[in-house]
J.: 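Handing you this structure, nothing more for now.
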Amino acid sequence: QVQLVESGGGLVQPGGSLRLSCAASGRYSSIADMGWYRQAPGKQRELVATISSVGTTMYADSLKGRFTISRINANNTVYLQMNSLKPEDTAVYYCNAEIRPTRWEAAHAYWGQGTQATVSS
């Protein structure tokens, strides 16, 4: 059973920083793209950033320069460094990964349970 487990959310003041982590566990063949999405109250889930297995990154235009995605393949972990946080960054942040269960299967999208990040004074 493949699982994605997030950590690192919490309460931070405007202008502060948070670092989210997401680790994949279980039995699988390989992990392709990993990424972060977020969902604010009353809004649809939106893309934050993605990173390929070779480190190619993509960001939502509005977040470029403040958020940085990275991953350590050896640890099957993806990170999201969030700086200069604003109240509008308040959301549940979800980890996503395209994981191939076995070498004979296509990759599936897996989601973490989400971690709350609240930006408030």
Side-chain angles (χ1 to χ4, degrees):
Q1 183 78 7
V2 178
Q3 284 190 314
L4 297 175
V5 180
E6 299 120 331
S7 60
L11 174 64
V12 65
Q13 292 186 340
S17 298
L18 283 174
R19 180 177 170 87
L20 307 182
S21 301
C22 171
S25 64
R27 293 175 62 89
Y28 53 86
S29 176
S30 61
I31 303 176
D33 291 356
M34 302 184 81
W36 291 94
Y37 291 71
R38 68 183 184 183
Q39 187 165 18
K43 294 187 177 181
Q44 290 188 331
R45 190 173 298 188
E46 63 177 0
L47 171 71
V48 174
T50 63
I51 184 167
S52 73
S53 59
V54 295
T56 303
T57 59
M58 184 181 71
Y59 295 90
D61 287 342
S62 61
L63 301 177
K64 288 180 181 178
R66 294 195 299 123
F67 288 16
T68 303
I69 189 170
S70 61
R71 68 189 278 178
I72 299 178
N73 290 332
N75 295 340
N76 305 313
T77 302
V78 62
Y79 303 92
L80 184 69
Q81 178 67 43
M82 305 188 292
N83 298 327
S84 303
L85 284 163
K86 305 175 182 179
E88 52 263 42
D89 293 319
T90 296
V92 178
Y93 284 74
Y94 295 92
C95 174
N96 168 272
E98 295 290 322
I99 298 176
R100 185 186 297 270
T102 68
R103 68 176 68 182
W104 300 281
E105 296 178 75
H108 304 313
Y110 289 83
W111 293 90
Q113 80 285 357
T115 184
Q116 176 72 45
T118 302
V119 184
S120 175
S121 56

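Just so you know, residue 1 is the first one in the sequence shown, and it goes up from there.
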J.: Pair up each side-chain donor or acceptor in residues 41-56 with any protein partner under 3.5 Å, not counting sequence neighbours, and list the distances.
T.:
residue, atom, partner, partner atom, Å
Glu46, OE2, Arg38, NE, 2.6
Glu46, OE2, Arg38, NH2, 3.2
Ser52, OG, Val54, N, 3.3
Ser52, OG, Gly55, N, 3.3
Ser52, OG, Thr56, N, 3.0

J.: Which atom pairs, one a donor and one an acceptor, fall under 3.5 Å between side chains of residues 7-23 and the rest of the protein, sequence neighbours left out?
T.:
residue, atom, partner, partner atom, Å
Ser17, OG, Asn83, OD1, 2.9

J.: For residues Ala117 and Met82, report the shortest heavy-atom separation together with the two atoms involved.
T.: CB-CE, 4.3 Å

J.: When you look at Asn96 and Trp36, which way does the side-chain contact (heavy atoms from CB on, under 4.5 Å) test go after all the steps?
T.: CA-CA 6 Å; Asn96 168 272; Trp36 291 94; over 6 Å; no

J.: Hey, are the side chains of Tyr94 and Glu6 touching, using non-hydrogen atoms and a 4.5 Å cut-off?
T.: yes

J.: So, taking the atom named CG in Leu4 and the one named OG in Ser25, what distance separates them when rounded to the nearest 0.5 Å?
T.: 7.5 Å

J.: Quick check, are the ring centers of Trp111 and Tyr37 under 6.0 angstrom apart?
T.: yes

J.: Can you sort out the partners of Gln3 under side-chain hydrogen bond (donor to acceptor under 3.5 Å, both in side chains), two or more places apart, ordered by chain and number?
T.: none

J.: Could you tell me which non-hydrogen atom of Asn76 sits nearest to which non-hydrogen atom of Met34, and how far apart they are?
T.: O-CE, 4.2 Å

J.: Shortest non-hydrogen contact from Gln116 to Ala91?
T.: NE2-O, 3.4 Å

J.: Would you check if the side chain of Asp89 reaches a backbone N or O of Lys86 as a donor-acceptor pair within less than 3.5 Å?
T.: yes

J.: Can you pull the salt bridge (charged side-chain N to carboxylate O under 4.0 Å, His left out) pairs that have at least one residue in residues 93-110, sequence neighbours excluded?
T.: none

J.: Can you tell me how far OG1 of Thr57 sits from NZ of Lys64, rounded to the nearest 0.5 angstrom?
T.: 9.0 Å

J.: Quick one: does Ser120's side chain have a donor or acceptor within less than 3.5 Å of a partner on Thr118's backbone?
T.: no

J.: With the 4.5 Å side-chain cut-off for hydrophobic clustering, are Tyr79 and Leu63 part of the same group?
T.: no

J.: Tyr59: which residues meet the ring-ring contact (aromatic ring centres under 6.0 Å, His included) condition with it, sequence neighbours left out?
T.: none

J.: Side-chain contact test, heavy atoms from C-beta onward, threshold under 4.5 Å: evaluate it for Phe67 versus Leu85 and give yes or no.
T.: yes

J.: Please check if atom CD in Glu88 has more than 12 non-hydrogen atoms from other residues, nucleotides or ligands closer than 6.0 Å.
T.: yes

J.: Not counting sequence neighbours, which residues clear side-chain hydrogen bond (donor to acceptor under 3.5 Å, both in side chains) with Tyr110? List them please.
T.: none

J.: On a heavy-atom basis, which atom in Val78 and which in Ser70 lie closest, and how many Å separate them?
T.: CG2-O, 3.2 Å

